[in-house]
Protein chains: 2
Amino acid sequence: MTNIVQIIGRLGKLVWFHRKKAGLTQIQLADLAGVGKSTVYDIEKGKSTVQINSLFAVLAIMNIDVKFSGPLSAAFEKWSADQSSDK
Amino acid sequence: MTNIVQIIGRLGKLVWFHRKKAGLTQIQLADLAGVGKSTVYDIEKGKSTVQINSLFAVLAIMNIDVKFSGPLSAAFEKWSADQSSDK
DNA sequence: TCGAATTTACTGCCTTAACAGTAAAATGTG
DNA sequence: CACATTTTACTGTTAAGGCAGTAAATTCGA
(Lines give C-alpha, C1' and ligand atoms only; values in the text may rest on other atoms or scores of the structure.)
Protein backbone atom coordinates (compact mmCIF):
# COMPACT_ATOMS: atom_id res chain seq x y z
CA MET A 1 0.00 0.00 0.00
CA THR A 2 2.91 2.28 -0.82
CA ASN A 3 2.25 5.44 1.09
CA ILE A 4 3.30 8.98 0.42
CA VAL A 5 6.42 8.84 2.55
CA GLN A 6 7.64 5.77 0.71
CA ILE A 7 6.95 7.24 -2.70
CA ILE A 8 8.80 10.43 -1.90
CA GLY A 9 11.61 8.53 -0.25
CA ARG A 10 12.06 6.47 -3.37
CA LEU A 11 11.88 9.54 -5.52
CA GLY A 12 14.65 11.07 -3.47
CA LYS A 13 16.86 8.10 -4.12
CA LEU A 14 16.06 8.29 -7.81
CA VAL A 15 17.18 11.90 -7.86
CA TRP A 16 20.32 11.03 -5.95
CA PHE A 17 21.10 8.23 -8.37
CA HIS A 18 20.74 10.45 -11.39
CA ARG A 19 22.75 13.22 -9.83
CA LYS A 20 25.64 10.90 -8.97
CA LYS A 21 25.70 9.39 -12.43
CA ALA A 22 25.70 12.90 -13.85
CA GLY A 23 28.69 13.74 -11.68
CA LEU A 24 27.08 16.70 -10.01
CA THR A 25 27.27 17.86 -6.43
CA GLN A 26 24.16 18.91 -4.57
CA ILE A 27 25.18 22.52 -4.90
CA GLN A 28 25.67 22.26 -8.63
CA LEU A 29 22.29 20.65 -9.05
CA ALA A 30 20.73 23.24 -6.80
CA ASP A 31 22.18 26.05 -8.86
CA LEU A 32 21.08 24.49 -12.11
CA ALA A 33 17.58 23.97 -10.78
CA GLY A 34 17.44 27.39 -9.21
CA VAL A 35 16.80 26.15 -5.70
CA GLY A 36 18.82 26.16 -2.52
CA LYS A 37 21.27 23.43 -1.62
CA SER A 38 19.19 22.58 1.43
CA THR A 39 16.23 21.88 -0.80
CA VAL A 40 18.16 19.38 -2.91
CA TYR A 41 19.35 17.78 0.29
CA ASP A 42 15.79 17.62 1.58
CA ILE A 43 14.45 16.11 -1.64
CA GLU A 44 17.08 13.40 -1.69
CA LYS A 45 16.36 12.69 1.94
CA GLY A 46 12.71 12.22 1.15
CA LYS A 47 11.30 15.21 2.93
CA SER A 48 7.61 15.24 2.14
CA THR A 49 6.96 18.91 2.63
CA VAL A 50 8.98 20.37 -0.18
CA GLN A 51 7.04 22.38 -2.70
CA ILE A 52 6.23 20.90 -6.06
CA ASN A 53 7.84 23.70 -8.00
CA SER A 54 11.14 23.02 -6.23
CA LEU A 55 10.81 19.30 -6.76
CA PHE A 56 9.84 19.63 -10.40
CA ALA A 57 12.64 22.08 -11.07
CA VAL A 58 15.12 19.50 -9.86
CA LEU A 59 13.44 16.67 -11.75
CA ALA A 60 13.51 18.70 -14.94
CA ILE A 61 17.27 19.16 -14.71
CA MET A 62 17.75 15.45 -14.25
CA ASN A 63 15.40 14.70 -17.13
CA ILE A 64 13.13 12.78 -14.85
CA ASP A 65 9.61 13.09 -16.07
CA VAL A 66 6.44 12.81 -14.10
CA LYS A 67 3.31 11.09 -15.22
CA PHE A 68 -0.08 11.16 -13.59
CA SER A 69 -2.75 8.65 -14.38
CA GLY A 70 -6.11 8.15 -12.80
CA PRO A 71 -9.10 5.94 -13.59
CA LEU A 72 -10.56 8.74 -15.67
CA SER A 73 -7.43 9.75 -17.53
CA ALA A 74 -8.73 8.61 -20.90
CA ALA A 75 -11.99 10.48 -20.46
CA PHE A 76 -10.04 13.47 -19.30
CA GLU A 77 -7.89 13.46 -22.42
CA LYS A 78 -10.96 13.50 -24.60
CA TRP A 79 -12.64 16.23 -22.59
CA SER A 80 -9.39 18.19 -22.56
CA ALA A 81 -9.08 18.01 -26.34
CA ASP A 82 -12.62 19.29 -26.71
CA GLN A 83 -11.83 22.20 -24.44
CA SER A 84 -8.98 23.41 -26.65
CA SER A 85 -11.14 23.38 -29.75
CA ASP A 86 -13.87 25.55 -28.32
CA LYS A 87 -14.94 29.06 -29.13
CA MET B 1 8.73 22.18 -23.87
CA THR B 2 5.98 21.76 -21.31
CA ASN B 3 7.12 23.69 -18.29
CA ILE B 4 6.36 23.24 -14.64
CA VAL B 5 3.46 25.65 -14.57
CA GLN B 6 1.79 23.87 -17.45
CA ILE B 7 2.28 20.45 -15.93
CA ILE B 8 0.82 21.51 -12.62
CA GLY B 9 -2.00 23.36 -14.31
CA ARG B 10 -2.93 20.27 -16.20
CA LEU B 11 -2.65 18.18 -13.06
CA GLY B 12 -5.06 20.54 -11.36
CA LYS B 13 -7.60 20.00 -14.10
CA LEU B 14 -7.13 16.27 -13.83
CA VAL B 15 -7.90 16.42 -10.14
CA TRP B 16 -10.92 18.60 -10.79
CA PHE B 17 -12.17 16.20 -13.43
CA HIS B 18 -11.88 13.21 -11.11
CA ARG B 19 -13.47 15.04 -8.22
CA LYS B 20 -16.44 16.11 -10.29
CA LYS B 21 -17.00 12.63 -11.64
CA ALA B 22 -16.79 11.32 -8.10
CA GLY B 23 -19.48 13.78 -7.07
CA LEU B 24 -17.43 15.40 -4.34
CA THR B 25 -17.18 19.01 -3.29
CA GLN B 26 -13.81 20.58 -2.63
CA ILE B 27 -14.51 20.48 1.08
CA GLN B 28 -15.37 16.80 1.01
CA LEU B 29 -12.22 16.00 -0.89
CA ALA B 30 -10.20 18.18 1.45
CA ASP B 31 -11.56 16.35 4.48
CA LEU B 32 -10.92 12.96 2.93
CA ALA B 33 -7.37 13.92 2.04
CA GLY B 34 -6.75 15.59 5.38
CA VAL B 35 -5.92 18.97 3.92
CA GLY B 36 -7.63 22.34 4.01
CA LYS B 37 -10.21 23.39 1.49
CA SER B 38 -7.98 26.20 0.33
CA THR B 39 -5.34 23.65 -0.56
CA VAL B 40 -7.69 21.67 -2.77
CA TYR B 41 -8.72 24.91 -4.40
CA ASP B 42 -5.08 25.84 -4.93
CA ILE B 43 -4.21 22.47 -6.43
CA GLU B 44 -7.09 22.58 -8.88
CA LYS B 45 -6.12 26.09 -9.80
CA GLY B 46 -2.62 24.94 -10.59
CA LYS B 47 -0.74 26.67 -7.81
CA SER B 48 2.83 25.53 -8.13
CA THR B 49 3.90 26.05 -4.56
CA VAL B 50 1.76 23.50 -2.78
CA GLN B 51 3.67 20.90 -0.84
CA ILE B 52 4.00 17.43 -2.24
CA ASN B 53 2.49 15.75 0.78
CA SER B 54 -0.66 17.80 0.32
CA LEU B 55 -0.75 17.12 -3.39
CA PHE B 56 -0.11 13.42 -3.02
CA ALA B 57 -2.71 13.09 -0.29
CA VAL B 58 -5.31 14.47 -2.68
CA LEU B 59 -4.08 12.35 -5.57
CA ALA B 60 -4.26 9.23 -3.42
CA ILE B 61 -7.91 9.85 -2.62
CA MET B 62 -8.71 10.24 -6.31
CA ASN B 63 -6.72 7.12 -7.15
CA ILE B 64 -4.43 9.12 -9.36
CA ASP B 65 -1.03 7.58 -9.32
CA VAL B 66 2.27 9.23 -9.99
CA LYS B 67 5.09 7.77 -11.96
CA PHE B 68 8.60 9.05 -12.28
CA SER B 69 10.95 7.95 -14.98
CA GLY B 70 14.38 9.18 -15.86
CA PRO B 71 17.05 8.04 -18.30
CA LEU B 72 18.57 5.90 -15.56
CA SER B 73 15.37 4.38 -14.21
CA ALA B 74 16.25 0.89 -15.33
CA ALA B 75 19.72 1.06 -13.80
CA PHE B 76 18.19 2.48 -10.68
CA GLU B 77 15.76 -0.42 -10.36
CA LYS B 78 18.60 -2.88 -10.54
CA TRP B 79 20.70 -0.97 -8.07
CA SER B 80 17.70 -0.56 -5.82
CA ALA B 81 17.03 -4.28 -5.81
CA ASP B 82 20.64 -4.96 -4.87
CA GLN B 83 20.33 -2.56 -1.99
CA SER B 84 17.42 -4.43 -0.45
CA SER B 85 19.28 -7.72 -0.53
CA ASP B 86 22.29 -6.45 1.30
CA LYS B 87 23.60 -7.28 4.72
C1' DT C 1 -36.49 32.29 -12.81
C1' DC C 2 -35.49 31.56 -8.05
C1' DG C 3 -32.95 29.64 -4.30
C1' DA C 4 -29.56 26.40 -2.55
C1' DA C 5 -25.15 24.63 -3.15
C1' DT C 6 -20.67 25.26 -4.72
C1' DT C 7 -16.75 27.69 -6.11
C1' DT C 8 -13.97 31.72 -6.21
C1' DA C 9 -11.56 35.14 -3.88
C1' DC C 10 -9.80 37.57 -0.04
C1' DT C 11 -8.59 37.92 4.96
C1' DG C 12 -5.30 37.41 8.90
C1' DC C 13 -3.02 34.25 11.93
C1' DC C 14 0.19 30.69 12.64
C1' DT C 15 3.34 27.56 11.18
C1' DT C 16 7.10 26.27 8.60
C1' DA C 17 9.68 25.76 4.22
C1' DA C 18 13.50 28.02 1.69
C1' DC C 19 17.75 29.70 2.11
C1' DA C 20 22.78 30.76 3.04
C1' DG C 21 26.15 30.12 6.36
C1' DT C 22 28.67 27.11 8.97
C1' DA C 23 30.80 23.10 11.06
C1' DA C 24 31.14 18.25 11.78
C1' DA C 25 30.96 13.79 9.68
C1' DA C 26 31.70 11.00 5.79
C1' DT C 27 33.59 9.95 1.39
C1' DG C 28 37.01 9.26 -1.81
C1' DT C 29 41.51 10.05 -4.15
C1' DG C 30 46.48 10.69 -4.30
C1' DC D 1 47.36 7.54 5.83
C1' DA D 2 46.58 12.49 4.79
C1' DC D 3 44.08 15.84 2.13
C1' DA D 4 40.34 17.77 -0.49
C1' DT D 5 35.72 17.29 -1.60
C1' DT D 6 31.21 16.33 -0.49
C1' DT D 7 27.45 15.42 2.38
C1' DT D 8 25.07 15.75 6.63
C1' DA D 9 23.22 18.45 10.12
C1' DC D 10 22.15 22.50 12.55
C1' DT D 11 21.33 27.60 12.82
C1' DG D 12 18.56 32.00 12.49
C1' DT D 13 16.17 34.89 9.28
C1' DT D 14 12.90 35.76 5.93
C1' DA D 15 9.20 34.76 3.11
C1' DA D 16 5.26 32.32 2.20
C1' DG D 17 2.09 28.28 2.48
C1' DG D 18 -1.79 26.06 5.17
C1' DC D 19 -5.78 26.96 7.12
C1' DA D 20 -10.56 28.46 8.63
C1' DG D 21 -13.68 32.06 8.16
C1' DT D 22 -16.21 34.81 5.28
C1' DA D 23 -18.51 36.96 1.41
C1' DA D 24 -19.16 37.59 -3.45
C1' DA D 25 -19.66 35.25 -7.74
C1' DT D 26 -21.06 31.32 -10.15
C1' DT D 27 -23.35 27.03 -11.03
C1' DC D 28 -27.08 24.04 -11.04
C1' DG D 29 -31.44 21.87 -10.16
C1' DA D 30 -36.36 22.29 -9.04
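Every chain is numbered from 1, with letters handed out A, B, ... down the list of sequences. Nothing here was measured: the structure is a model prediction, and the numbers come from that model.
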> To the nearest Å, how far apart are A:E44 CD and D:dA9 P?
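My rounded result for the distance is 13 Å.
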
> Could you measure the distance from the CG atom of A:L24 to the CG atom of A:D31? Nearest 0.5 Å is fine.
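Reported value, rounded in 0.5 Å steps: 10.5 Å.
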
> Give me each pair satisfying ring pair (Phe, Tyr, Trp, His ring centres under 6.0 Å) with a member in residues 37-71 of chain B, each pair once, sequence neighbours excluded.
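Every pair satisfying ring pair (Phe, Tyr, Trp, His ring centres under 6.0 Å) with a residue in residues 37-71 of chain B: there are none.
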
> Take nucleotides 10-28 of chain C nucleotide by nucleotide from the 5' end and write B, S or -, depending on whether a protein heavy atom sits under 4.0 Å from the base, only from the sugar-phosphate, or from neither.
-------SSBBBB------

> Quick one: CD on B:Q51 to CG on A:N53, what's the gap to the nearest 0.5 Å?
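Those atoms lie 10.5 Å apart.
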
> Taking C-beta and beyond as the side chain, do B:D65 and B:L59 meet within less than 4.5 Å on heavy atoms?
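Contact flag for B:D65/B:L59 side chains = no.
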
> Please report the interatomic distance CD1(A:I43) to OG(A:S48), rounded to the nearest 0.5 Å.
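Interatomic distance, A:I43 CD1 to A:S48 OG, rounded to 0.5 Å: 12.0 Å.
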
> When rounded to the nearest 0.5 angstrom, what is the spacing between CZ in A:F17 and CE in A:M62?
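Reported value, rounded in 0.5 Å steps: 10.5 Å.
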
> Once you build an axis from the first five pairs and another from the last five of the helix from C:dT1-D:dA30 to C:dG30-D:dC1, how far apart in angle are they, to 10 degrees?
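That helix has its two terminal axes inclined by roughly 70°.
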
> Any side-chain heavy atom of A:Q6 sitting closer than 4.5 Å to one from A:N3?
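When only atoms from C-beta onward are counted, A:N3 and A:Q6 do touch, with a gap below 4.5 Å.
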
> Would you compute the distance between atom CD1 of B:I52 and atom OG of A:S54 and round it to the nearest 0.5 angstrom?
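Answer rounded to 0.5 Å: 9.5 Å.
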
> Hey, are the side chains of A:L11 and A:L55 touching, using non-hydrogen atoms and a 4.5 Å cut-off?
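Touching, per the 4.5 Å side-chain cut-off.
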
> Just one of A:L29, A:V35, A:V15 clears the side-chain contact (heavy atoms from CB on, under 4.5 Å) bar with A:I61, so which one?
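The residue from A:L29, A:V35, A:V15 that satisfies side-chain contact (heavy atoms from CB on, under 4.5 Å) with A:I61 turns out to be A:L29.
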
> Any side-chain N or O of A:Y41 below 4.0 angstrom from OP1/OP2 of D:dT7?
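It does not, given that no N or O in the side chain of A:Y41 lies less than 4.0 Å from OP1 or OP2 of D:dT7.
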
> Can you list, by residue number, the residues of residues 13-22 of chain B that have a non-hydrogen atom closer than 4.0 angstrom to DNA chain C?
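Here the set is B:R19, B:K20.
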
> When rounded to the nearest 0.5 angstrom, what distance separates CZ in B:R19 from CD in B:Q28?
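Nearest 0.5 Å value for the CZ-CD distance: 9.0 Å.
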
> With a 4.5 Å heavy-atom cut-off, do B:L14 and A:S73 have their side chains touching?
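When only atoms from C-beta onward are counted, A:S73 and B:L14 do touch, with a gap below 4.5 Å.
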
> What residue pairs, at least two apart or across chains, pass side-chain hydrogen bond (donor to acceptor under 3.5 Å, both in side chains) with a residue in residues 8-18 of chain A?
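Non-adjacent pairs meeting side-chain hydrogen bond (donor to acceptor under 3.5 Å, both in side chains): A:R10-B:E77, A:R10-B:S80.
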
> Contacts to DNA chain C from residues 24-31 of chain A, heavy-atom cutoff under 4.0 Å, which residues?
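Per residue number, the list is empty: none.
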
